[in-house]
Amino acid sequence: MITSVLVANRGEIACRVFRTCRELGIRTVAVHSDPDADALHVRAADLAVRLPGATPADTYLRADLVVKAALDAGADAVHPGYGFLSENAGFARAVLDAGLVWIGPPPEAIEAMASKTRAKELMGIAPLRDVTADDLPVLVKAAAGGGGRGMRIVTELADLEEELAAARAEAGSAFGDDEVFVEPYLGGDAGARHVEVQLLADAHGTVWVLGTRDCSLQRRHQKVIEEAPAPGLSPGLDRELHETAVRAARAVDYVGAGTVEFLVVDGRAHFLEMNTRLQVEHPVTEAVFGIDLVALQLRVAEGHPLEGEPPAPRGHAVEARLYAEDPAAGWAPQTGTLHRLTVPGVRLDTGYADGDPIGVHYDAMLAKAVAHAPTRAEAVRRLAGALERAAVHGPATNRDLLVRSLRHPEFADARMDTGFYDRHLDALTAPDADPWAPLAAALADAHGRSRFGGFRNLPAQPQTKRYRTEPDGVEHEVRYRHTRDGLAADGVAVVHADAGRVVLETGGVRRTFTVARYGDRVHVNGTALTALPRFPDPAAQTAPGSLLAPMPGTVVRIADGLTEGARVEAGQPLLWLEAMKMEHKIAAPAAGTLTALPVRTGRQVEVGALLAVVTD
């Protein structure tokens, strides 16, 4: 029997596996990079082993160091989680060769399916070889990829070579394998849905089919909202998906948890790949089937057979991924301190606790919120309400986008596809801050800063405060007064005001605001504000044409041949930043001359750092 498990991963999935291990009485071992030395998954484990360095290539992708850590800590089994080495056959063999239990499929099955090119060949599907204009649009994809990394959509033949090079570079950095391939792009306007089938197989020939999931709402080819079962599939299509998934598993003698992914276009299923690991979205399947997939992974790894048929599904489950990012700014990842994270009434899987830093080295996902209910409509309503009431204090997140997405008519009617955000992002990210939030922030601040309470012998002059709503950047100026009866404002009755709670009444309706302040950042219910100085700082002005870093990160590439003095065109890529496992293109804002390029490849930059200057 397994007595001690090392999780070869970090963050949310490591915490998730540790939770099940604790329930089963199994000891836990974490590994961590230097930036993760005090991360939640390290604090949650019984033992922890340092992997020296900061980048994934030096730490979580070092199979030799991870295996040594397991042996040094006395673990007898290794769970790979997802991402990093989870679909690396060489790592699985190294674990087994060290005499440890591998909580995953056989290395041969990983090898057959982890390369998307080989998986497609196994299923009788050939990738595109010589791409012509008639094949467009196409998708460049990393053979060893996952999570949207190493993927590029190409709509112009002239862009193909550049996108191939970019995908190879990103794939090599993320997975240690720069093989890419090209296939027809079926997303966007094609109305494609991303549907997948969860499998669980034992070493005795039993394969459980644990239903379908719909993961069509995606940004940058990475899933945002997932649900089970996939709604609206015909019985025939549902049966075809199940049968194809089982055929893929049996073709490689699969053992353990795995997922077979499809694009469904015009009612037809197109095989994408088989993920030989646990998926990020596995909680929706757990909720619908009433099971613990991690516990079942452990049982299968111990050699136990799956008993009989899987449990009958019940109800519907929806999961939303909460990211530290600004969807309106090209999904730019955000860093800083996560002061508070609570989502009431639903399951919350996270790798963060209040006060933890959000760094630049890893994925921007903060947590997954999961709601289960008897019907789809009830599950969606429950999740949207929980996210709306959530306290997420810190950098900007996609919380508002998630709420609006869940309540969008297309999603509510299950008419969504992979082009959902291409069509609706502008409307879903339009500024919609609570108009009373700045006043509530000012009243809470005034109470907190007043030394003498509200009493004055003379009539008080109006006080003025300025705030900027985040992340849309809209500025607001509010006025209030100190009176004999306390704080007052025009057009609204101040029923109550203290440093953490403000109650306002307008038109006979009272509204309560919970206020939390962290330095200059103020959170009022679901609205984030930045308190502004009374007078702007002249030093904050930048020269016209300056391109500033939108997030902290590393300069990973500079456009070939680009030097100061070069002529550039509007929209021309100048350089690429890597932050939180994503590459971000920095392009010229207008045609002109590149008069400054103060950065070099490999340089770490902070938010607001000068990257380049383009002069008209």
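Since the structure is predicted, the reported quantities are computational estimates derived from the model, not experimental observations.
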Q) What pairs with R43 under side chain to side chain donor-acceptor pair (under 3.5 Å), at least two apart in sequence or on another chain? A) D356
Q. In a check of side chain to side chain contact (heavy atoms under 4.5 Å, CB included) between H282 and each of L278, V284, V280, which one passes?
A. L278
Q: Kindly say whether G519 contributes a backbone atom to a donor-acceptor pair with the side chain of R517 at under 3.5 angstrom?
A: yes
Q. Do you know the tightest heavy-atom contact between V522 and A441?
A. CG1-CB, 3.9 Å
Q.
On a heavy-atom basis, which atom in G351 and which in C15 lie closest, and how many Å separate them?
A. CA-SG, 4.1 Å
Q. Just wondering, do T464 and V478 contact through their side chains at under 4.5 Å, heavy atoms?
A. no
Q. Would a distance-only check, ignoring hydrogens and angles, find a side-chain to backbone donor-acceptor pair under 3.5 Å from N9 to A30?
A. no
Q: Output yes when a side-chain donor or acceptor of T335 lies under 3.5 Å from a complementary backbone atom of I358, and no otherwise.
A: no
Q: Go through the steps to decide whether R468 and E470 satisfy the test salt bridge (charged side-chain N to carboxylate O under 4.0 Å, His left out), and finish with yes or no.
A: CA-CA 6 Å; R468 181 178 64 238; E470 304 293 355; 2.8 Å; yes
Q. In this structure, are over 12 heavy atoms from other groups packed under 6.0 Å from R340 atom CZ?
A. no
Q. Counting heavy atoms not belonging to D64, are there more than 12 under 6.0 Å from its CG?
A. yes
Q: Using modelled atom types only, decide if a donor and an acceptor are shared between the side chain of Q572 and the backbone of E569 within a distance under 3.5 Å.
A: yes
Q: Would you sort out whether Q222 and Y323 count as a side-chain contact (heavy atoms from CB on, under 4.5 Å), showing the intermediate values?
A: CA-CA 11 Å; Q222 194 169 48; Y323 287 103; 3.6 Å; yes
Q: Working to the nearest 0.5 Å, report the span between NE2 of H393 and OG1 of T514.
A: 8.0 Å
Q: Compare all side-chain heavy atoms of P550 with those of H584 and state whether any distance is below 4.5 angstrom.
A: no
Q. For E196 and T259, does a side-chain donor sit closer than 3.5 Å to a side-chain acceptor?
A. no
(Q) Are E161 and E163 packed together at the side-chain level, in the sense that at least one heavy-atom pair is separated by less than 4.5 angstrom? (A) no
Q: Could you walk me through whether L338 and L366 pass side-chain contact (heavy atoms from CB on, under 4.5 Å), step by step?
A: CA-CA 9 Å; L338 181 65; L366 300 178; 4.2 Å; yes
Q) With a 4.5 Å heavy-atom cut-off, do V568 and L562 have their side chains touching? A) yes
Q: Can you see which heavy atom on L574 is nearest to which on A612, and at what distance?
A: CD1-CB, 4.4 Å
Q: Please check if the side chain of T593 supplies one atom and the backbone of T595 the other of a donor-acceptor pair under 3.5 Å.
A: no
Q.
Has T527 got a side-chain atom pairing as donor or acceptor with A437's backbone, closer than 3.5 angstrom?
A. no
Q: Apply side chain to side chain donor-acceptor pair (under 3.5 Å) to S216 and list each qualifying residue two or more places apart in sequence or on a separate chain.
A: D214
Q. Yes or no on side-chain contact (heavy atoms from CB on, under 4.5 Å) for L597 and I558, after CA distance, side-chain angles and deciding distance?
A. CA-CA 10 Å; L597 185 64; I558 293 176; 4.2 Å; yes
Q. Can you tell if the side chain of V555 reaches within under 4.5 Å of the side chain of W576, non-hydrogen atoms only?
A. no
Q: I would like to know whether H41 and F18 meet ring pair (Phe, Tyr, Trp, His ring centres under 6.0 Å); could you show each step before the answer?
A: CA-CA 8 Å; H41 78 278; F18 290 160; 7.1 Å; no
Q) Quick one: CG on D472 to CG on D400, what's the gap to the nearest 0.5 Å? A) 9.5 Å
(Q) Between D34 and R50, is the side-chain contact (heavy atoms from CB on, under 4.5 Å) condition met? List the steps. (A) CA-CA 7 Å; D34 290 338; R50 177 190 176 220; 2.7 Å; yes
Q: Scan K223, E226, E227 and name whichever one has a side chain to side chain contact (heavy atoms under 4.5 Å, CB included) with E319.
A: E226
Q) Ignoring hydrogens and geometry, is there a side-chain-to-backbone donor-acceptor pair from H523 to G394 under 3.5 Å? A) yes
Q: Measure across A320 and L402 and return the closest heavy-atom pair with its distance rounded to 0.1 Å.
A: CB-CD1, 3.9 Å
**Q.** NZ/NE/NH1/NH2 to OD/OE distance under 4.0 Å, E325 and R220
**A.** no
Q) Under 3.5 Å, is there a donor-acceptor pair linking the side chains of Q218 and T418? A) no
Q.
If you count every heavy atom of other residues, nucleotides or ligands that lies below 6.0 Å from E606 atom CD, does the total exceed 12?
A. no
Q) Given side chains that start at C-beta, do those of L341 and L348 come closer than 4.5 Å, heavy atoms only? A) yes
Q. Is it true that a side-chain atom of N88 and a backbone atom of F91 form a donor plus acceptor pair closer than 3.5 Å?
A. yes
Q.
Just verifying a value: how many Å separate I225 CD1 and E281 CD, rounded to the nearest 0.5 Å?
A. 13.0 Å
Q | E583/R152 salt bridge by N-O under 4.0 Å criterion | A | yes
Q) Can we say E475 and R466 salt-bridge, meaning some charged N sits less than 4.0 Å from an Asp/Glu carboxylate O? A) yes
Q: Of all the heavy-atom pairs spanning G81 and S86, show the shortest one and how long it is.
A: O-CB, 3.4 Å
Q: Under the ring-ring contact (aromatic ring centres under 6.0 Å, His included) rule, collect the residues that match up with W331, sequence neighbours excluded.
A: Y421
Q) Could you give the distance from OG1 (T615) to CG (L594), rounded to the nearest 0.5 Å? A) 8.5 Å
Q. Side chains of T554 and R603: closer than 4.5 Å at any heavy-atom pair?
A. no
Q) Is there a donor-acceptor contact under 3.5 Å linking the side chains of E261 and Q279? A) yes
Q. Can you find a heavy atom in the side chain of T59 that is under 4.5 Å from one in the side chain of L65?
A. no
Q: Applying side chain to side chain donor-acceptor pair (under 3.5 Å), name anything that partners K141, two or more places apart in sequence or on another chain.
A: none
Q: Name all residues meeting the ring-ring contact (aromatic ring centres under 6.0 Å, His included) criterion together with F420; count only those two or more places apart in sequence or in a different chain, and write none if there are none.
A: H408, H424
**Q.** Minimum heavy-atom distance between A69 and V49, given as atom pair plus value
**A.** CB-CG1, 3.5 Å
Q: Enter the distance from T601:OG1 to L575:CG here, rounded to the nearest 0.5 Å.
A: 8.5 Å
Q: Measure the CG-CZ distance between L428 and R407 for me, rounded to the nearest 0.5 Å.
A: 12.5 Å
Q) Do Y467 and H476 have their ring centres less than 6.0 Å from each other? A) no
Q) Does anything in residues 42-64 pair up under ring-ring contact (aromatic ring centres under 6.0 Å, His included), and if so which pairs, sequence neighbours excluded? A) Y60-F84, Y60-Y362
